[in-house]
Amino acid sequence: MKSPVTDYLNELLERNRNHDGGERASYIPELARANPHRFGIAMTTVEGRTYSVGDDNIEFTLQSMSKPFAYAAALDMHGKEYMSERVGVEPSGEAFNELSIEEDSNRPDNPMINVGAIAVHGLLLEKDTPSQERIEYLREFFSRLAGRELTIDQDVFTSELETAERNFAMGHMLKGLSVFDGPAHGVVEGYIAQCAVKVNIRDLSVMGATLSNGGIQPHTGEQVIEPLVARQVLSVMVSAGMYDASGTWFADVGIPAKSGVSGGILGVLPGQLGLGVFSPSLDAKGNSVRGIRVFKELSDRMGLHIMDTEAYSYHAVRAVRQVGDELIIELQGRLEFSNAEEILSQLEELEYNCTDVVIDLTRVSEANRVGRHMLLDGLHRLQEEGLQVSLLDPDNILKFKNSAQDDGIHYLRS
Ligand SMILES: NC(=O)CC[C@H](N)C(=O)O
């Protein structure tokens with residue numbers, strides 16, 4: 001049997017191939033020469049399965065899609081507090097290349113617009129780090145996210161350098177405001193090099209899947225980014241990833257995303273998928289025309305909008321049976337806050353005409369930290385009331401991975 005996922009993606013590709021509106025970015029001469037027919041879609045799951053269709057081995061430059069990853073590198077390096085004193089997390093409602101700064105704090109609004117991304121680049125490593133070292137650090141960091149050695153497109157780099165007056169102006173403004181201390185020119189040059197790192201859509205989707213997977217690269221298993229850093233990056237992508245189109249994008253598509261003027265769009269569905277779409281023609285806001293269409297359809301057809309309120313129709317307590325002196329409570333589904341709340345409320349309601357309670361987790365598929373704690377709290381309370389509590393947990397759902405903690409509960413063999 002061949003999985004139909006690739007066919008779904010191919011259908012999306014074919015349906016949108018003829019939508020050839022928009023213009024290639026012309027302010028970077030090298031990007032204006034891109035082949036406008038190029039079109040590819042890729043998807044990587046958090047388990048590391050990649051599906052791709054169309055031009056999936058053509059390389060293009062990350063451009064602004066480098067911004068979330070550079071922000072992640074800076075957060076990893078300096079922590080959230082240090083970073084938020086210097087770069088905000090509010091949507092700017094302005095174009096990506098606006099020379100803007102928050103009035104009361106002297107910070108760029110967010111790290112997804114150029115002025116914020118230049119600040120982030122300037123904050124990487126030490127203030128006297130040579131520009132070349134910062135570039136190499138990021139190139140290597142991006143390579144770990146992609147799981148292969150990435151390189152810089154020298155033609156795109158030089159081409160942008162020649163027309164980068166606005167970005168240089170931002171660099172000098174930031175330096176003037178002491179957002180960073182390094183030399184403004186070198187920092188902007190470094191930022192332009194960061195934008196010129198080349199990927200194909202498969203790489204892009206793998207990099208996205210790493211963010212989606214709490215920072216663990218799904219192929220290499222390496223924890224490249226801390227989970228809280230990944231959460232911070234995704235949160236900012238929601239409010240600012242598509243610049244002044246971010247609100248409409250989120251309402252229509254509902255997937256945290258970041259676009260770049262090369263025509264790529266990176267999408268990240270937390271805990272599920274990394275997505276990459278590439279086609280060079282852009283709308284007036286600098287977002288790929290075909291990319292937007294594909295993401296809208298993908299979100300609709302595959303139910304990927306993260307604000308979908310379709311409730312899953314199962315109950316966390318599957319059955320309660322009394323067998324002799326034992327009350328057997330069978331749970332199911334995922335154990336997180338809401339399901340744990342449902343279980344605890346039922347444990348509260350139950351009449352215990354027994355001495356033993358057995359909690360059967362055989363049908364619980366997974367648990368997060370909060371779900372685990374809440375259930376254990378409930379079970380401890382039952383013990384305090386004099387009941388003998390045992391757990392049937394053949395998949396060790398309730399045990400923290402690699403931890404031999406003693407939770408005082410009797411584990412039954414399955
Ligand atoms: N939106 C983008 O992709 C912009 C990135 C580009 N390198 C710039 O600074 O203008």
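Atoms within a ligand are numbered from 1 in the order they appear, just like the ligands themselves. In this chain, numbering begins with 1 at the start of the sequence shown. All values derive from a computational prediction rather than experimental measurement.
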Can you see whether [X] engages [Y] through a side-chain donor-acceptor pair at a distance of less than 3.5 angstrom?
X      : Y      : value
Glu94  : Ser100 : yes
Asn200 : Asn57  : no
Arg290 : Asn16  : no
Glu341 : Ser338 : no

Counting heavy atoms under 4.0 Å, the part of Met65 that contacts ligand 1 is neither
Going by the 4.0 angstrom heavy-atom rule, the piece of Asn167 near ligand 1 is side chain
ask   = Is there side-chain contact between Leu62 and Gln194, with at least one heavy-atom pair below 4.5 Å?
value = no
[X]: numbered ligand 1 atoms lying under 4.0 Å from its heavy atoms:
X      : answer
Gly260 : 3 (O)
Asn114 : 4 (C), 8 (C), 9 (O), 10 (O)
Cys195 : 7 (N)

What is the closest protein heavy atom to [atom], and at what distance does it sit?
atom                    : result
atom 7 (N) of ligand 1  : Gln63 OE1, 2.6 Å
atom 4 (C) of ligand 1  : Ser64 OG, 3.1 Å
atom 9 (O) of ligand 1  : Tyr191 OH, 2.7 Å
atom 10 (O) of ligand 1 : Tyr27 OH, 2.5 Å

Exercise for the section: Determine the interplanar angle of the Tyr243 and Phe96 rings, folded into 0 to 90°, and report it as parallel if under 30°, tilted if 30 to 60°, perpendicular if over 60°. Expected result: tilted
With respect to Val261, determine whether any N or O atom, backbone or side chain, lies less than 3.5 Å from an N or O atom of ligand 1.
yes
Only distances under 3.5 Å count here; give the side-chain donor-acceptor pairs of residues 69-82 to other protein atoms, sequence neighbours excluded, each with its distance to 0.1 Å.
residue, atom, partner, partner atom, Å
Tyr71, OH, Gln232, NE2, 3.1
His78, NE2, Leu123, O, 2.6

